Every structure is written in structure tokens, then in C-alpha cells.
Protein chains: 2
Amino acid sequence: MLSHKAKYALKALLYLAQQEETHVSRTIEIAEAASIPKKFLEQILLDLKRGHFVGSKQGKFGGYYLLKSKNDITLADIHRLFDGAIALLPCASLNFYERCSDCVNESECLLRHGLITIREETLKAMEGITIASLVKK
Amino acid sequence: MLSHKAKYALKALLYLAQQEETHVSRTIEIAEAASIPKKFLEQILLDLKRGHFVGSKQGKFGGYYLLKSKNDITLADIHRLFDGAIALLPCASLNFYERCSDCVNESECLLRHGLITIREETLKAMEGITIASLVKK
DNA sequence: ATTAATTCTATAAAATTAGTAGAGTTTAAT
DNA sequence: ATTAAACTCTACTAATTTTATAGAATTAAT
């Protein structure tokens, strides 16, 4: 399951994607439109900024706007930024690889092979869902 | 990501699947073979029993054995039993449906549609991974 | 200067996860 | 009957993660 953070991030990105290109959206505006606690959203938008998905303008009349194209922000990206690995175990992950704490012999692990298959299929599906594709629905 | 419980459950099922049909495995035997804390495994095996995946024989010389066929225990089953919904949000789940706490209008939610697609694809993949398919690798 | 916005750091409450403890029950063998 | 060896059940605890909240600092337009 997605964390609230990841869900809120997606809702915020969807909001931004539906505004005019030139529009800069204030945090409070996004928070109210998408039913997200404002102070929590502040943190999330900063994370999205650090991830180079959105840009910001500081000071009066400042706010946030999409930095990347809607077509280039995928569900996989947002999952990774807020919830980490797509894979079901760290040993089957591409971007968050780690050995399982209880692993004795990774190359002989029966579980790992199946989980790599799942990761490949899930990832393909998640990369197919973009902010643009969600808005168009 | 899978919880330790789900991972341990899968490892325990894989162990059982590799024993002879008639063999009854003690908890301590599975725990040592699969590097799982014994007391934790006790709970997990009870959950698997309540889910009708394994059967047990009580008393001296008792233990656990597979109840369902290896071909009929899928990754999706174990995920659902220990980690709940396959879907990324409760509103996109078949077996664990729930409204999102922050949802204003579910039928108009842009996120939900995409997440249902993901759930369908992930589920198909996870139903394709069985204990039997993992053992054969 | 003032106002309105983002940015940053720290904190806190709640929920979940991972694991432990110990008593109780069942069964087989002696 | 008694004992030994196993599963069964309930409760508890420690650690971690999640979900926020608070408040001061910074930035920019008027």
C-alpha cells in the first residue's frame, strides 16, 4: 500500500498538472483543493522539489509548479521517492538493493527469483502510469 | 515490501513443500532450516493454519504439513493473509476495499482508476507465482 | 517596513512491526 | 498415571515508522 505521503504527493501533482502552465500554486491552495493537511503538504512539496519533480518560487506570490513534464512523472518515481523499493524484498530491488538480514545464501534463495519476476512486471506497470495518463482519464 | 511475517511464511511453506508428502515438520526444525526466530514462527504457522494453507498434528511427534497443493498457494494468497491488500490504496482493493479517509468524491478520483489498473496487473503476476513454481526454480 | 509566501529543524502522538514470555493443551510412549 | 514433546493461545514489550504539528528563519513583492 502507498503511504499517505505518496498518495498526497500524487494528488498534489495531479492538481498542479491541471493548472495552466504559467500558474504558480500556493501550498494552501493545493492543500484545500486536494484535502491534504497544509503543514504535512509543505514537507511533501519540499521532497518533490528535492526530487526535481516540482519547482518553487519563494516570497510573496510564490508557490509551486511542475518542473518535469506530466508525461515524465510516473507512479514508479513517486513510489520510490516516498515509499522506497518497488520490489517485495530488498534483495530483489534494483534501486534499493540490500541483503536480507536472515539470508544465508542469496544465489540459492528460492524466493528471490520469483520476487525479481514480480518486480519486473510491477515496475513495467507502474512506469506506464504517468501524471498525464491519470489526468486524461 | 513484504513484512518479515510474510517472508517467513513463504520460507516456511517452501521448506514444507520440499519435504516428503508424509513428513510432518516440527516448528524448531523449520525455524532452524529457514533461519526464522522460533517463537515468531509459531505465530506465523498458526496464521497459516487458520488460513487453511497448512495442517498440524498436535502432541508428541506432532508438527506441520502442507494442506493445500503447492500449485494452489500463490504469492497473492500469502500477501493478503499477512500484509493485506495487493492494491496501492484501499479504494482500489478487491478484498480489502475501504474508502480513503481524505476522499471527497471517489467516482471522480483521478488516482483510483490508475491504481485499479496497477492492482489488476500486479495481482495477475502474483497469482502466477506459486510455492510449486518457486521450488522448481 | 510590511505582507505573504516558502524553507528548515525539532518535536510528538499514534500506529505498526517484530519479537518474547509463559501458561495451557494435546498426544504418544512408558 | 506420568512424563516428554509438541502445538496453542494470550498478553506484553521494545523499536521503528508514520503522520502529522509547531515555530522560527528566509525570501521576495509592494
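Computed from a prediction, not measured in an experiment: that's the story for all the values here. Residue numbers start from 1 in every chain, and the chains themselves are labelled A, B, ... in the order their sequence lines are given, proteins ahead of strands.
- With sequence neighbours excluded, no residue forms a salt bridge (Lys or Arg N to Asp or Glu O under 4.0 Å) with B/Arg99.
- Residue-to-nucleotide proximity on DNA chain C shows that, of B/Pro37 and A/Ser56, the 5′-proximal contact is made by A/Ser56.
- Separating the CZ atom of A/Arg26 from the P atom of C/dT3 is a distance of 17 Å, rounded to the nearest angstrom.
- Screening residues 16-63 of chain A for ring pair (Phe, Tyr, Trp, His ring centres under 6.0 Å) gives A/Tyr8-A/Phe40 as the qualifying pairs, with residues at least two apart or on separate chains.
- The side chain to side chain contact (heavy atoms under 4.5 Å, CB included) check on B/Ala31 picks up B/Lys38, B/Leu41, with sequence neighbours excluded.
- Clustering of Ile, Leu, Val, Met, Phe, Trp and Tyr by side-chain heavy atoms under 4.5 Å joins A/Tyr65 with A/Val24, A/Leu67.
- Every salt bridge (Lys or Arg N to Asp or Glu O under 4.0 Å) that A/Asp102 has, sequence neighbours left out, goes to B/Lys7, B/Lys11.
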Every protein N/O within reach of nucleotides 17-19 of chain D N/O, cut-off under 3.5 Å:
unit_1: D/dT19; atom_1: OP1; unit_2: A/His4; atom_2: N; d: 3.4
unit_1: D/dT19; atom_1: OP2; unit_2: A/His4; atom_2: N; d: 3.3

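- Smallest separation of non-hydrogen atoms from B/Arg80 and B/Ile86: NE-CG1, 3.9 Å.
- Rounding to the nearest 0.5 Å places CD1 of A/Ile78 at 10.0 Å from CG of A/Asp83.
- For the segment residues 44-52 of chain B, residues with any heavy atom less than 4.0 angstrom from an atom of DNA chain D are, sorted by number, B/Leu46, B/Lys49, B/Arg50.
- By the side chain to side chain contact (heavy atoms under 4.5 Å, CB included) test, A/Ser133 pairs with A/Ile129, A/Thr130, sequence neighbours left out.
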Per-nucleotide protein contact along nucleotides 22-30 of chain C, 5' to 3', at a 4.0 Å heavy-atom cut-off (B base, S sugar-phosphate only, - neither), is B---BBSS-
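- Proximity of B/Tyr65 to the phosphate of D/dC7: no side-chain N or O atom is located under 4.0 Å from OP1 or OP2.
- Distance, A/Leu89 CG to C/dT17 C1': 15 Å, rounded to whole Å.
- Summarising the geometry, the separation between CD1 on B/Ile28 and P on D/dA5 is reported as 13 Å, rounded to the nearest angstrom.
- The distance between atom CD1 of B/Ile30 and atom C1' of D/dA6, rounded to the nearest whole Å, is 12 Å.
- In this structure A/Asp47 satisfies the salt bridge (Lys or Arg N to Asp or Glu O under 4.0 Å) test together with A/Lys5, A/Arg50, sequence neighbours excluded.
- One interatomic measurement links the two molecules: CD of A/Glu29 to C1' of C/dT6, which rounds to 14 Å at whole-angstrom precision.
- Qualifying salt bridge (Lys or Arg N to Asp or Glu O under 4.0 Å) partners for B/Lys124, counting only residues two or more places apart in sequence or in other chains: none.
- Rounded to an integer number of Å, the gap from CG of A/Leu41 to P of C/dA5 is 14 Å.
- Counting only residues at least two apart or on different chains, no side chain to side chain donor-acceptor pair (under 3.5 Å) pair has a member in residues 110-119 of chain A.
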